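Below is one structure, written out as C-alpha cells; comments come after it.
In what follows, chains carry the letters A, B, and so on, assigned in the order in which the sequence lines appear, proteins first and then strands, with residues in each chain numbered from 1. Keep in mind the model is a prediction, meaning the values are calculated, not measured.
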There are 2 protein chains.
Amino acid sequence: MNAATRSPQPPLTRSVEDYLKSVFHLTSQGGFATTSDIAEMLEVAPPSVSGMMKRLSETGLIEHVPYRGVQLTPQGRRAALQMIRRHRILESYLTSKLGYDWGDVHVEAEQLEHAVSEKLIERMADALGEPRYDPHGAPIPTAAGEIEEAELVTLADIAVGSSVVLREVGDENTERLHYLAEQGLIPGVQLTVIDRQPFNGPTIVRLGDGTTRVVGQELALLLFCRPVDGE
Amino acid sequence: MNAATRSPQPPLTRSVEDYLKSVFHLTSQGGFATTSDIAEMLEVAPPSVSGMMKRLSETGLIEHVPYRGVQLTPQGRRAALQMIRRHRILESYLTSKLGYDWGDVHVEAEQLEHAVSEKLIERMADALGEPRYDPHGAPIPTAAGEIEEAELVTLADIAVGSSVVLREVGDENTERLHYLAEQGLIPGVQLTVIDRQPFNGPTIVRLGDGTTRVVGQELALLLFCRPVDGE
DNA sequence: TTTGAGATTTAGGCTAGCCTAATGCCCTGT
DNA sequence: ACAGGGCATTAGGCTAGCCTAAATCTCAAA
C-alpha cells in the first residue's frame, strides 16, 4: 500500500492548496504545468517547485512526468476545484454583502480561502442565492466539484464589426480592475468592435450606450467574450 | 539597537498570535502567565513554550522573567487585543449574519482570525453596528485597543436570595453552550438564586419566566453575573 | 550528429515550530 | 539546613518549505 492509497487524508496545508490551484489554472487548456510556470505564478524558486511536486505526487494529488511537467490527478483536481469554489464564493460575498470593490476582493479571498470551513462557504453561497459566477464573471464550481467550461474568446480576437457580450475579466490586478470598472468594461456589457489598429494595436469598441472605448492589446487579451446571441 | 526597537515589524505568524492571546487571557487577573499554563492552553509541550517565549521577548512582545513566567508588553497587549477584537467580531458576524449557533462560532473564528484583514473586520463591525459584546457576552475591544473591564462574579458566588443579570458565558465548548442555550441561560437573562446545595453542590435559580434551573458547580463557575440594578 | 542554451532536478543549507530527554532551578516540608 | 518534587529550561532532533549552487536533462539549431 503506497501513500496515495492510505487513508484518511491529512488536511492540506496552505502551501499545498496554493500549488494545486496553480497547477489547475496552468493546465486548464490541457497539457502539463511546467516547473518554471508554477514557480513564477507562486513567486518561489524552481527547486522549491520540484520539491513540492515530489511530495504531491507521493500523496497522489498530481502526476509528475520528470522534465515534462505535472497534471492533477482526479483527487488533486477535486481539491483544486474546492479551493477555487471557496475563492470565488468569498469574492462574491465580499462584493455583495460587505461592499468590497471588485478590484480588492482577490487579495482578501486569497487569505481567507485557506481558513474557511466548508460550512461557512455553503452558508455564504446560500446567503447569495448560489451564485454561478464571481464578480469578475468567472464560473463558480459547484459544491459537487463541477465547473462550467465555456468557450470564450478574448476581445483581441473578435473581428471588427462583430458584437459580443463581455463575460469574464481574467485579471486580478487591483488597479487594472478599477480602471476597467470606470470604463464600464464589466461582465454583461455588450460591445461592438468598430476598429482595430494594426500591429497588435488597440481595439476600439462601442458600448451599449453608444460611447466608445480604446482598449489596448494587453487589456483586450484579458477580456473574454461570447457571441451576443448564444446562451 | 536591539530587535525590540527595529522597525518596521514583520507580520506576526499564526503561532505567535495564538501565544499572545493565551498570555493575555492568562494574565487578565494580573500576575504572570506560566510556561505550563500556556502549554496546556495551546496544547503544546512546555519546551515549545520556553522556545517561543525567548523569541517573543526578543521581539519585544512579552517580558520574560525566567522561572517565573511572562507578561505582555504594551506592544504585545495591543497585538493580543487586536486578535481578540477580530475573534469576537467574527463570532458576532457569524451569529448575526450567517445563522451560526453560538456554540459553533468559536472554532470557526479561531481559524478566520488569522486570515482576515483589518479592513474586513471593520466592515463586519460596521455591518453589525459596532457591537460591544460578542454572542457569549464578552466585551469586544475597540479598534483603538480599549476593552471594557467589568467586575463580574460567577454564579457560584452569588448569595442565595440575590437577583442578578447573566452577563457573560465564559465557555467555548460547543456542547455545553448548546445545553446552556436550551436552558435559557444566555447573556441578558435575569436570575434569582433561590437555593444552593452544600459541599460545592448545584445552585438553583429562578428565571424571569418563573421556571427554575439546577446549575452544577462546574457550570456555575462559567456564568458571570452583575447586580440586577447596575449599568 | 553534435553542441549548447535553457529548463529541471539534486545537493546541501536555513528557519520556524514542534517534539522528547536531560538538566537545572525553586521552594516547601521535614 | 537541606532533600526532593515539580516546574522551567537547555540540548538535540524532526519536518515542511523555502533558498542558492551544482549537476543533469532536453531539444533545437548548426
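Of the charged side-chain nitrogens involved, at least one lies within less than 4.0 Å of a carboxylate oxygen, so that A/K21 and A/E110 count as a salt-bridged pair. For A/K119 and B/E108, the salt-bridge test fails: no basic side-chain N is under 4.0 Å from an acidic carboxylate O.
For DNA chain D, the outermost nucleotides in 5' to 3' order that have an atom under 4.0 Å from a heavy atom of chain A are D/dA16 to D/dC27.
Where A/R55 and B/S50 each meet DNA chain D at their nearest nucleotide, the meeting point lying more 5' is that of B/S50. With the nearest nucleotide of DNA chain D identified for both A/P46 and A/P66, A/P46 has the one nearer the 5' end.
Distance, A/Y67 OH to C/dA7 C1': 9 Å, rounded to whole Å. Here C/dT9 presents its P atom at 11 Å from NZ of A/K54, a figure rounded to the nearest Å.
Contacts between residues 12-39 of chain B and DNA chain D, defined by a heavy-atom separation under 4.0 Å, are made by B/T34, B/T35, B/S36.
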**OP:** Run the numbers on A/S15 and A/D18 for side-chain hydrogen bond (donor to acceptor under 3.5 Å, both in side chains), then give the verdict.
**Re:** CA-CA 5 Å; A/S15 201; A/D18 284 335; 6.0 Å; no

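Taking both residues in full, the closest heavy atoms of A/T27 and A/F32 are given as CG2-C, 3.9 Å, listed atom of the first, atom of the second, then distance.
A/E17 and A/Q82 form no side-chain donor-acceptor contact under 3.5 Å, judged by distance and modelled atom types alone.
Legend: residues meeting salt bridge (charged side-chain N to carboxylate O under 4.0 Å, His left out) with B/D171, ordered by chain and number and at least two apart, are B/R176.
Within the 4.0 Å cut-off from OP1 or OP2 of C/dT8, not a single side-chain nitrogen or oxygen of A/H64 is found.
Remark: B/R167 qualifies as a cation-pi partner of B/Y133 under the 6.0 Å distance and 45° angle criteria applied to the six-membered ring.
Rounded to the nearest 0.5 Å, atoms NE2 (B/H114) and CZ (A/R14) are 10.5 Å apart.
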